[in-house]
**Q** 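Structure below; questions to follow.
Chain naming here is simple, since letters A, B, ... match the order of the sequence lines and numbering starts at 1 in each.
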Number of protein chains: 2
Amino acid sequence: MRLTSKGRYAVMALVDLARFDNITPVSLRDISLRQGISLDFLEQIFSKLRKKEIVQSIRGTQGGYILNRKAKEIKLTNIFDAVDEKVKTVQCKKESKKGCNGKTTKCLTHNLWDELESHINNFFEEKSLEDLVKDNAERRV
Amino acid sequence: MRLTSKGRYAVMALVDLARFDNITPVSLRDISLRQGISLDFLEQIFSKLRKKEIVQSIRGTQGGYILNRKAKEIKLTNIFDAVDEKVKTVQCKKESKKGCNGKTTKCLTHNLWDELESHINNFFEEKSLEDLVKDNAERRV
DNA sequence: GTGAAACTTGACTATTTTAGTCAGGTATAT
DNA sequence: ATATACCTGACTAAAATAGTCAAGTTTCAC
């Protein structure tokens, strides 16, 4: 199981963004340079973050992005959800070979994968952007 | 993040195998039919499981595989390790653009990914094959 | 001893996902 | 005006995934 770059970059970029005052917009160009992430790719990512109201955009010169909510209220789960970084442990669909549809008939290990999914998602639900910024500030002392 | 079929199948197949007495070998053909997994693919998987001494093979007619250790002593982490199902949250290598090498200079979110990795691996280290078989037996009552 | 069952191995391949790139836009501060 | 920066959709190279295929070898049952 691996985390995709899209998900990782989204979090990295938002942590970078959250370090600022949240009044003056931060341009993607700056984030791109600081974090070493392609500008074009960042634009794709922020387009999704904006649609899910995690960030707010300010167009034009001196424009950029600011957080749309308090860092405390943005959980990792919200970020991953926005960029379609899903935790998937099963493939089981309605019509499976072995009749595992997740409801009436379950495959031998279905509960295990459900548990695993919850376990990972719990982690994402607990961590907020604020936690990450704080954590980072502490380590720099 | 998604679990690969290889990892999922490895666990499914071993749970299936572990349900038996562990004396008479179970053929991959049977597992293949019961679990709906391609025989050729299973052979690849079991070849790795054998090399890591998780299963033992018995060749010839009436042959098959049996567990090489007690189900209690086979953890998910051993299984995933055997089939190269790794939990990877970072790409950071020795020479990274932003100088994140995981040691001297760390990227803004490096600790987060380390934490996530541990969180997931903990789950895999706790669960044993025995747990899974028992869990399954209970639910069938 | 011979045939079938089942393990063994390595190479090959189609499909899907990932990780971007590219080319055009539009809005706005100066 | 014009440069900066957001916005959008289409496209693509590379990697990973999920197998398949072919050609063995071993051993049991008869």
**Q** Are A:I58 and A:L39 joined in one hydrophobic group, where the rule is that I, L, V, M, F, W and Y side chains link up if heavy atoms are under 4.5 Å apart?
**A** no

**Q** Return whichever of A:I58 or A:R2 has its heavy-atom-nearest nucleotide of DNA chain D closer to the 5' end.
**A** A:I58

**Q** Using whole Å, report how far CG of B:D40 lies from C1' of D:dG24.
**A** 14 Å

**Q** I want to check one thing: is the phosphate of C:dT21, taken as OP1 and OP2, less than 4.0 Å away from some side-chain N or O of A:S38?
**A** yes

**Q** Report the distance from atom CD of B:Q56 to atom P of C:dA6, rounded to the nearest whole Å.
**A** 18 Å

**Q** Ignoring backbone atoms, test whether B:S57 places a side-chain nitrogen or oxygen under 4.0 Å from the OP1 or OP2 oxygen of C:dT8.
**A** yes

**Q** Any donor-acceptor pair under 3.5 Å linking the side chain of A:S128 with the backbone of A:I74?
**A** no

**Q** When the C1' atoms of the five terminal pairs at each end define the local axes, what inter-axis angle does the helix from C:dG1-D:dC30 to C:dT30-D:dA1 show, to 10 degrees?
**A** 10°

**Q** So if I take every side-chain heavy atom of B:T4 and compare against C:dC7, C:dA23, D:dT17, which nucleotide ends up nearest?
**A** D:dT17

**Q** So among A:V11, A:V15, A:D135, which one has a side chain to side chain contact (heavy atoms under 4.5 Å, CB included) with B:L108?
**A** A:V15

**Q** Using only side-chain N and O atoms of B:T61, determine if any of them is under 4.0 Å from OP1 or OP2 of C:dA4.
**A** no

**Q** Return the CE to CD1 distance between B:M1 and A:I120, rounded to the nearest 0.5 Å.
**A** 5.5 Å

**Q** For D:dT4, does the base pair up with any side-chain atom of A:R59 as donor and acceptor (N or O, under 3.5 Å, distance only)?
**A** no

**Q** Rounded to whole angstroms, how far apart are CG on B:L3 and C1' on D:dA16?
**A** 14 Å

**Q** Judged by atom type as modelled, is there a donor-acceptor pair below 3.5 Å linking the side chain of B:N78 to the main-chain atoms of B:K75?
**A** yes

**Q** Can you work out whether A:G7 or B:G63 has the more 5'-proximal nearest nucleotide on DNA chain C?
**A** B:G63

**Q** Parallel, tilted or perpendicular: which describes the rings of A:F124 and A:F80, with under 30° parallel and over 60° perpendicular?
**A** perpendicular

**Q** According to a strict under-4.0 Å criterion, is A:Y9 in side-chain N/O contact with OP1 or OP2 of C:dT18?
**A** no

**Q** In whole Å, what is the span from the CD1 atom of B:I45 to the C1' atom of D:dG19?
**A** 10 Å

**Q** Let's see if you can work this out: which of C:dA23, C:dT8, C:dA29 has an atom nearest to the side-chain heavy atoms of B:R50?
**A** C:dT8

**Q** Which value, rounded to the nearest 0.5 Å, describes the distance between B:L14 atom CG and B:I54 atom CD1?
**A** 7.0 Å

**Q** Using only atom types and a distance under 3.5 Å, with no angle test, would you say the side chain of B:S38 pairs donor to acceptor with the backbone of B:F41?
**A** yes

**Q** Confirm from the modelled atom types if A:Q44 and C:dT21 form a donor-acceptor pair under 3.5 Å, side chain to base only.
**A** yes

**Q** In whole angstrom, what separates A:F41's CZ from D:dA13's P?
**A** 17 Å

**Q** Mind calculating the distance between CG (B:L39) and C1' (D:dC21) to the nearest angstrom?
**A** 12 Å

**Q** Around atom CZ of B:R69, are there more than 12 heavy atoms from other residues, nucleotides or ligands closer than 6.0 Å?
**A** yes

**Q** Quick one: A:K48 NZ to D:dT8 C1', roughly how many Å, whole number?
**A** 12 Å

**Q** By the 4.0 Å heavy-atom rule, please label B:F46 as base, sugar-phosphate, or nothing.
**A** nothing

**Q** Contacts to DNA chain D from residues 20-30 of chain A, heavy-atom cutoff under 4.0 Å, which residues?
**A** A:V26, A:S27, A:L28

**Q** Atom CE of B:M1 to atom C1' of C:dT17: distance rounded to whole Å?
**A** 15 Å

**Q** Rounded to the nearest 0.5 Å, what separation is found between the CD atom of A:E117 and the CZ atom of B:F123?
**A** 10.5 Å

